[in-house]
Amino acid sequence: QVQLVESGGGLVQAGGSLRLSCAASGRTFSSYAMGWFRQAPGKEREFVAAISWSGSNTVYADSVKGRFTISRDNAKNTVYLQMNSLKPEDTAVYYCAASGPYSGSGPPIAYTRSYEYGYWGQGTQVTVSS
């Protein structure tokens, strides 16, 4: 099992930047694919970005492509979401999620559907003011 704790959320003006971090417990973090999702008030949870267990593959939602970057540091058991050029519509609770564990010999897939993730953090609030 893996436990996830997000941090780095806060209030920022439009056009600003934030970096979210997700720290994972356990010694097998490198065998998990990781993802970020978000949920705005009154809306369903939506996919934001994902990275494969190897870090070789990444996928982004069209709404954040070119502005957000997902990365991972397996030595620190941490996945990051760098968010630049933030817009008011990026306001949401951001959740980190883990999928796996996967064998190191398997394909490095970046998963985009919430049901493919079995572990979730508690979320961190991001508010972008106009």
Fill in: Closest heavy-atom pair and its distance - Pro88, Ala14
CD-CB, 4.1 Å
Item to complete: Check whether any side-chain heavy atom of Cys96 sits under 4.5 Å from a side-chain heavy atom of Val79, and report yes or no.
Response: yes
Worksheet item: Stepwise, does the side-chain contact (heavy atoms from CB on, under 4.5 Å) test hold for Val126 with Leu18?
Response: CA-CA 9 Å; Val126 172; Leu18 282 175; 3.9 Å; yes
Worksheet item: What heavy-atom pair brings Gly26 and Asn77 nearest, and what distance separates the two atoms?
Response: O-ND2, 2.6 Å
Worksheet item: side-chain contact (heavy atoms from CB on, under 4.5 Å) with Pro108: which residues, sequence neighbours excluded?
Response: Ser52, Trp53, Ser54, Ser56, Asn57
Worksheet entry | Candidate pair Tyr95 and Leu20, rule side-chain contact (heavy atoms from CB on, under 4.5 Å), full reasoning | CA-CA 10 Å; Tyr95 297 91; Leu20 304 183; over 6 Å; no
Discussion item. Applying side-chain contact (heavy atoms from CB on, under 4.5 Å) to Gln82 and Ser17, what does each step give before you reach the verdict?
Written reply: CA-CA 8 Å; Gln82 177 67 43; Ser17 298; 4.0 Å; yes
Fill in: Contact summary for Ala98 and Val2, nearest pair of heavy atoms
CB-CG1, 3.9 Å
Discussion item. I need the minimum non-hydrogen distance between Glu6 and Gly123, along with the two atoms involved.
Written reply: OE1-N, 2.9 Å
Item to complete: Assess the pair Trp120 and Phe37: is the distance between their ring centroids shorter than 6.0 Å?
Response: yes
Worksheet item: Going by distance alone, is a donor N or O of one side chain under 3.5 Å from an acceptor N or O of the other, for Thr78 and Asp73?
Response: no
Worksheet item: Side chains of Arg38 and Thr91: does their closest heavy-atom pair fall under 4.5 Å?
Response: no
Worksheet item: For the hydrophobic clusters of this structure (ILVMFWY residues joined by side-chain heavy atoms under 4.5 Å, transitively), does one cluster hold both Ile109 and Phe47?
Response: yes
Discussion item. Quick one, Ser7 with Thr124, criterion side-chain contact (heavy atoms from CB on, under 4.5 Å). Give me CA distance, side-chain angles, the key distance, then yes/no.
Written reply: CA-CA 6 Å; Ser7 62; Thr124 185; 5.9 Å; no
Discussion item. For residues Trp36 and Tyr32: do they belong to one hydrophobic cluster (side chain heavy atoms under 4.5 Å, members Ile, Leu, Val, Met, Phe, Trp, Tyr)?
Written reply: yes
Fill in: Euclidean distance, Lys65 NZ relative to Ser63 OG, rounded to 0.5 Å
9.5 Å
Item to complete: Report yes if the side chains of Val48 and Tyr94 come closer than 4.5 Å at any heavy-atom pair, otherwise no.
Response: yes
Response to the item:
Rounded to the nearest 0.5 Å, the OG atom of Ser130 sits from the CD atom of Gln13 at a distance of 9.5 Å
Worksheet item: Quick one: do Phe29 and Tyr80 end up in the same hydrophobic cluster if we chain Ile, Leu, Val, Met, Phe, Trp and Tyr together by side-chain heavy atoms under 4.5 Å apart?
Response: no
Item to complete: Supply the atom-to-atom distance Met34 CE to Leu4 CG, rounded to the nearest 0.5 angstrom.
Response: 5.0 Å
Worksheet item: To the nearest 0.5 Å, what is the distance between CG (Leu81) and CZ (Arg72)?
Response: 14.0 Å
Worksheet item: Does Arg45 have any salt bridge (charged side-chain N to carboxylate O under 4.0 Å, His left out) partners at least two apart in sequence or in another chain, and if so, which?
Response: none
Worksheet item: For the residue pair Leu86 and Arg67, what are the closest heavy atoms and their distance?
Response: CA-NH1, 3.8 Å
Practice prompt. Find the distance between OH (Tyr60) and CD1 (Ile70) and round it off to the nearest 0.5 Å.
Written response: 6.5 Å
Worksheet item: Which heavy-atom pair separates Tyr117 from Ala50 by the least distance, and what is that distance?
Response: OH-CB, 3.5 Å
Worksheet entry | Distance in Å, Tyr102 OH paired with Ser31 OG, rounded so as to fall on 0.5 Å steps | 10.0 Å
